[in-house]
Structure formats: structure tokens, C-alpha cells
Amino acid sequence: MTSNLRHYREKRNYSQNKLSELTGIPQTTISEWEKSTGDPPVSKAFLLAEVLGTTIDKLFDLKPSITNHKE
């Protein structure tokens, strides 16, 4: 999963410390996620998306997979 966390954080003019205050997520954890050394659990991903005014799809650059099914 590619995280756009830093992009959306900076778009809101939030420091990592400010985002930490708003979410209750430790600043060091936010830093790790921005460096792509791990992914947040789903509950934290939803919280981050909400606070940053975006969607999980955009925050993690998710694209739907299209599968060809024969019925």
C-alpha cells in the first residue's frame, strides 16, 4: 500500500505533532507510516482520512481491481 499521508498532512498545513494531537496517534508512529515502514490498522486509517479531509482510497492510493468473470 502506498501512503499519501504526508501529502494530505502537508496539504492541511499540519505538522506531525499537530496530526498526533488531533488523532491521538503518537508522532513517532505517524513518522513511521509516512516512511512506509508500516501500515496503520484500519480503524486508524479511517481516523486519519477523516481528520485529513480525504478518503481511504485517496490516502492509500487504492484502485479497484477489475476481474473478468464468466457466468
Side-chain angles (χ1 to χ4, degrees):
M1 208 178 329
T2 302
S3 174
N4 295 315
L5 180 56
R6 183 178 187 169
H7 167 78
Y8 284 101
R9 178 179 59 77
E10 289 176 345
K11 189 174 179 180
R12 289 279 182 160
N13 293 317
Y14 292 159
S15 65
Q16 288 181 350
N17 285 330
K18 179 66 176 178
L19 186 57
S20 174
E21 290 172 15
L22 294 171
T23 61
I25 299 168
Q27 180 273 326
T28 54
T29 302
I30 292 169
S31 176
E32 289 173 8
W33 292 338
E34 286 187 3
K35 294 176 188 172
S36 297
T37 58
D39 293 322
V42 173
S43 61
K44 299 296 184 191
F46 275 105
L47 175 61
L48 288 165
E50 182 179 337
V51 169
L52 295 172
T54 190
T55 64
I56 290 199
D57 293 3
K58 290 179 182 175
L59 189 60
F60 293 99
D61 200 23
L62 300 175
K63 294 174 180 64
S65 64
I66 299 173
T67 310
N68 228 350
H69 293 284
K70 292 184 180 181
E71 295 185 30

If you take all heavy atoms of I25 and S20, which pair is closest and at what distance? O-OG, 2.6 Å

Could you give the distance from CG (L22) to CZ (R12), rounded to the nearest 0.5 Å? 10.0 Å

Rounding to 0.5 Å, atoms NZ (K58) and CG (N4) come to a distance of 11.0 Å

What's the separation between atom CG in L19 and atom OG in S31, rounded to the nearest 0.5 Å? 11.5 Å

Mind listing the closest non-hydrogen atom pair of I56 and A49 along with its distance? N-CB, 3.9 Å

What's the shortest heavy-atom distance between T23 and L47, and which atoms? O-CD2, 3.4 Å

At what distance, to the nearest 0.5 angstrom, does CD of E21 lie from CD of Q16? 12.5 Å

To the nearest 0.5 Å, atom CD of E50 lies from atom OG1 of T55 at 12.5 Å

What residues, two or more places apart in sequence or in another chain, satisfy salt bridge (Lys or Arg N to Asp or Glu O under 4.0 Å) together with E34? R9

I'd like to check L52 versus Y14 (side-chain heavy atoms, cut-off strictly below 4.5 Å). Are they in contact? yes

To the nearest 0.5 Å, how far apart are CD in E32 and CD in Q27? 9.5 Å

